[in-house]
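As the structure is a computational prediction, the values presented were derived from the model and not from experiment. Throughout, protein chains are lettered first and strands after them, A, B, ... in sequence-line order, and every chain is numbered starting at 1.
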Amino acid sequence: MNIPDTLNDGQRKAVEFDGEHLLVLAGAGTGKTKTIIARAAYLIQSGIDPSKIQILTFTKKAANEIVERVKATLPQSDGNSLSGATFHSWCNQLIVRFPNLFGAAAYTVIDPDDQLSIMKMVCGNQNLDFGKLRIKPQQLIDIYSLARNTKKSLTESLRIKLFKNKKDADTDYEISTIKPHVENILRAYQLKKGEQRYLDYDDLLLVVSTQLRTNPEARNILSQHLDYLLVDEMQDTNPLQWDLLDPFVSICKLFCVGDDAQSIYSFRGADFKNVHLFKERVPDSEVYKLEKNYRSTQEILDISNWLLEKSPINYNKKLQSIRGSGELPRLVNVSDEWQEANWVADEILNNFTHQDRTFSDHLVLARSQYYSKSLQAVFIRRKIPYVTYGGRKFMQAAHIKDLVSLLRIVNNPYDEIAWIRFLTFQEGVGEVRASRILQQVIENVEKDDIPNILQNAMPGEDGSKIAKLYESIKSKSDVGEMVDTAYEAMSLGLAFRYRRDWNEKRRGDFPVLKLLAKSYPTLGEFIGEGLLDNSENMNGMNVLSESKLNTAENKDHVIISTIHSAKGLEADVCIVLNVSPKAFPSAWSLDNLAEIEEDRRVLYVAMTRAKNRLILTRNTSSISAVHQRALPTNMDSKTDDADTYFLNDLPDNLVEQLIVEHKFGKVNDAASPNKIDLSSGMDFS
DNA sequence: AAGTCAGTGCTTTTT
DNA sequence: GCACTGACTT
């Protein structure tokens with residue numbers, strides 16, 4: 001056995017665990033991923049059929065990485081049938097693979113954009129105005145999703161999402177007035193989803209978990225296909241995901257890893273009870289702990305530990321570095337975003353030219369996607385290659401969705417969103433005509449074939465052209481060819497519609513789309529899983545495009561990521577942007593202890609990504625212009641950020657402080673779209 | 001009825 | 001930067 005040689009005692013004990021179910025509590029940098037990889041490899045080497053091991057993670061990226069690394073440790077093709085997936089894509093696979101069991105095979109998976117479109121359709125011109133409270137369609141989606149993910153009542157979900165979980169007579173009354181209206185709309189939304197054969201992300205989990213809990217036959221069948229379930233990031237699972245995992249306690253053996261101090265998804269319903277109650281809820285289970293940190297130097301862990309100790313929550317955790325001492329973390333004080341961005345660029349370029357570091361040794365973390373926009377502008381101008389993690393996904397880009405809408409129609413003729421998108425794509429067809437055509441399609445789709453309906457609904461050349469196109473795609477068996485056929489028919493229209501940046505940005509995405517499509521055996525799987533594929537996005541502007549699947553791997557680039565997308569990542573140099581008052585904790589969280597503590601964990605996750613050098617930047621002009629504008633209106637009150645700012649009483653000996661002088665020239669206007677907004681120079685104190 | 005363009009407001013975090 | 005709106009043109 002070659003892998004376990006590099007494991008420490010704790011890791012080895014977990015990897016070679018011989019009992020039924022195990023939870024591994026693993027602090028940041030203690031080799032969580034390594035342990036799960038070694039566990040999979042160990043099981044395979046002990047003779048377990050790799051196809052009976054399922055690895056579950058939260059992102060596709062993490063799943064792929066784990067599977068690849070397991071394979072790398074095994075001789076030749078031993079691990080080829082090992083499967084790693086996100087909870088969502090795994091459920092999708094199960095639904096496709098066992099159509100009779102789950103009865104949802106002919107459905108189309110819809111993404112958040114589609115959900116919003118449906119919700120808007122359902123709301124129509126109905127305004128949800130309740131005095132000062134106006135509920136937007138997106139909020140309705142959020143409420144609906146929270147209720148289903150946490151198994152909470154509508155009343156409680158409304159309370160959490162609209163009233164910050166406040167409990168008093170006034171709030172109770174308001175909720176009771178609002179609730180019936182919301183309920184009506186949500187019911188209409190559910191109905192519409194059903195009619196159009198849609199499954200949203202939550203439905204994927206729900207369909208599978210409901211079936212497994214209520215149907216012994218389903219458990220029976222799955223137990224023949226599964227021996228081990230390995231779950232990563234257990235602290236981020238929510239009650240719905242627990243419902244999904246629970247039946248597997250009697251189907252196979254669970255091996256879960258997680259860290260309560262890194263739980264940062266409660267806005268999505270994550271509940272670290274799933275970690276804390278593991279031993280009580282799972283019979284024949286054990287809990288092991290990993291506490292030795294291999295990633296970071298002690299100085300980096302000191303400040304991370306300090307942050308966690310300040311919390312009212314007791315995490316009972318103090319990371320100890322086995323690597324020993326290194327550089328003191330730096331706290332860099334800047335006075336605006338552009339100065340910050342330029343300082344970061346200087347640091348990286350300096351490390352690159354004088355310190356023998358590559359660009360990919362650097363990880364830049366921001367709280368939100370929005371915040372790194374000015375940094376990206378500076379990187380482009382100063383020619384620092386980068387990729388972004390988190391953010392708009394490839395499949396969500398408008399031009400891709402246009403083409404995919406045609407494929408979706410072929411896949412599921414009940415898919416109204418796809419029909420509307422495809423029909424309005426045709427020249428001379430707007431919303432009104434599209435709805436009329438759609439009407440006819442929906443009325444006849446049961447008894448007639450689509451090409452016929454189309455020709456009736458759109459007399460003349462247009463109709464027959466589309467009808468022919470439909471037939472031609474339908475006749476193809478290879479998904480890549482379907483993309484080709486669709487592209488051939490639509491490329492002129494696409495080029496015109498996106499003429500502004502067609503050649504520069506969009507055109508190159510279609511070969512990538514084809515490549516992606518070719519890797520799926522059926523159209524249904526491509527549409528479902530392709531949507532769920534959280535691949536790195538293509539709007540990193542200066543890298544990627546066609547290169548994604550071949551060359552991107554060996555390119556040297558800085559990674560810019562949201563902290564949420566950075567879980568599991570690590571880097572030699574880690575730079576955390578804007579660790580300023582009103583950002584950590586966020587001004588949005590100020591009157592809610594649970595949210596403040598989640599923000600603390602977010603910062604903790606960010607800090608513990610660093611191996612050798614940790615740099616925190618903060619804006620000393622107290623509050624950035626961005627936040628000024630977006631602040632909630634009732635912010636003026638009680639909570640002084642001086643009380644809550646995480647770095648407030650940071651001991652001097654934990655960091656080295658730097659104050660950046662105003663030495664950088666102004667950024668060129670062309671490269672900095674937000675410049676005027678952001679550096680207005682106004683003092684609002 | 002559709003398409004275009006300029007002006008406006010808004011942005012936590014993700015499958 | 002993005003989505004949405006309203007006024008204008010085709």
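Not one side-chain nitrogen or oxygen of A:T424 sits closer than 4.0 Å to the OP1 or OP2 atom of B:dA2. Distances shown here put a side-chain N or O of A:S565 below 4.0 Å from the OP1 or OP2 atom of B:dT14. Considering only side-chain N and O atoms, A:Q369 lies under 4.0 angstrom from the phosphate OP1 or OP2 of B:dT14.
For B:dT13, the base is stacked against the aromatic ring of A:F267, per a cut-off of 5.5 Å between centres and 30° between planes.
In this structure, A:Y265 and A:F267 have tilted ring planes: the angle between them lies in the 30° to 60° band. Under the 30°/60° scheme for interplanar angles, the aromatic rings of A:F646 and A:F584 are found to be tilted. Note on ring orientation: taking the six-membered ring where Trp is involved, the planes of A:Y498 and A:H399 are perpendicular (angle over 60°, cut-offs 30° and 60°).
Listed nucleotides: B:dA1, B:dA2, B:dT14. Nearest to the side chain of A:R436: B:dA1. Here the nucleotide nearest the side chain of A:H88, chosen from B:dT13, C:dC4, B:dT15, is B:dT15. Listed nucleotides: B:dT15, B:dA1, B:dT11. Nearest to the side chain of A:V432: B:dA1. Taking every side-chain heavy atom of A:T86 into account, B:dT15 is the closest of B:dA1, B:dT15, B:dT13.
Within the 4.0 angstrom heavy-atom criterion, only backbone atoms of the sugar-phosphate kind lie near A:V429; the bases stay farther away. Across all strands shown, A:Y265 has heavy atoms under 4.0 Å from sugar-phosphate atoms exclusively, and none from any base. Backbone-only contact: A:R499 has heavy atoms under 4.0 Å from sugar-phosphate atoms and none from a base. A:K136 comes within 4.0 angstrom of the backbone, heavy atoms only, and of no base.
Defined by atom type and a distance below 3.5 Å, a donor-acceptor pair is present between the side-chain atoms of A:Y144 and A:Q190.
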